[in-house]
J.: 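Sharing a structure here in structure tokens format.
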Amino acid sequence: MEMHALQAFISGQIGLEQISVKELVDLAKQQDSLQPTERDLLEKALDLILIYYLKQAQAYL
């Protein structure tokens with residue numbers, strides 16, 4: 001996954017369904033080799049995904 005895809009997701013230009021969770025996991029595994037700005041983008045994207053799923057779970061409770 002390229003960083004511009006993460007930026008587009010964070011800014012709302014693309015939806016969650018266009019993000020590959022497998023690629024996010026692969027990126028997270030290599031986070032030590034990422035630049036600080038790339039790590040920040042990854043962290044923000046993961047935060048948004050977690051928030052999305054937590055809101056869905058909360059709706060079922």
Side-chain angles (χ1 to χ4, degrees):
M1 172 173 295
E2 295 187 26
M3 291 300 138
H4 72 275
L6 288 180
Q7 288 175 319
F9 172 67
I10 292 167
S11 67
Q13 296 172 346
I14 63 172
L16 179 61
E17 63 280 348
Q18 295 172 298
I19 297 294
S20 167
V21 174
K22 182 189 180 314
E23 289 182 31
L24 282 175
V25 169
D26 291 342
L27 265 179
K29 287 179 182 177
Q30 340 165 2
Q31 71 176 351
D32 292 336
S33 64
L34 296 175
Q35 298 295 319
T37 53
E38 293 172 326
R39 269 184 260 146
D40 289 345
L41 284 175
L42 178 60
E43 183 179 334
K44 287 177 186 176
L46 291 171
D47 286 347
L48 288 172
I49 292 168
L50 286 172
I51 289 168
Y52 173 82
Y53 284 112
L54 285 172
K55 284 182 180 179
Q56 278 194 335
Q58 189 176 32
Y60 289 108
L61 299 176

J.: To the closest 0.5 Å, what do you measure between CD1 (Ile19) and CG (Leu24)?
T.: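 With rounding to 0.5 Å, CD1 (Ile19) is 6.0 Å from CG (Leu24).
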
J.: Could you pull out all residues at least two apart from Lys29 that satisfy side-chain contact (heavy atoms from CB on, under 4.5 Å)?
T.: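 If we apply the side-chain contact (heavy atoms from CB on, under 4.5 Å) test to Lys29, skipping adjacent residues, the hits are Val25.
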
J.: Carefully, step by step, assess Met3 and Leu27 under the rule side chain to side chain contact (heavy atoms under 4.5 Å, CB included).
T.: CA-CA 10 Å; Met3 291 300 138; Leu27 265 179; 3.8 Å; yes

J.: How many angstroms lie between atom NE2 of His4 and atom CD1 of Ile14, to the nearest 0.5 angstrom?
T.: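 Spacing of NE2 (His4) from CD1 (Ile14) equals 8.0 Å.
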
J.: List in chain and number order the residues that pass side-chain contact (heavy atoms from CB on, under 4.5 Å) with Gln35, two or more places apart in sequence or in another chain; answer none if no residue qualifies.
T.: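 side-chain contact (heavy atoms from CB on, under 4.5 Å) list for Gln35, sorted by chain: Thr37, Glu38.
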
J.: In a table with atom names and distances, give each donor-acceptor pair under 3.5 Å that connects a side chain of residues 54-61 to protein atoms at least two apart or in another chain.
T.:
{"from": "Gln56", "atom 1": "NE2", "to": "Tyr52", "atom 2": "OH", "distance (Å)": "2.9"}

J.: Under the rule for side chain to side chain donor-acceptor pair (under 3.5 Å), what residues qualify as partners of Asp26, not counting sequence neighbours?
T.: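 Counting only residues at least two positions away or on another chain, Asp26 forms a side chain to side chain donor-acceptor pair (under 3.5 Å) with Lys22.
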
J.: Using a 3.5 Å cut-off and no angle test, enumerate the donor-acceptor pairs between side-chain atoms of residues 42-50 and protein atoms at least two apart in sequence or in another chain.
T.:
none

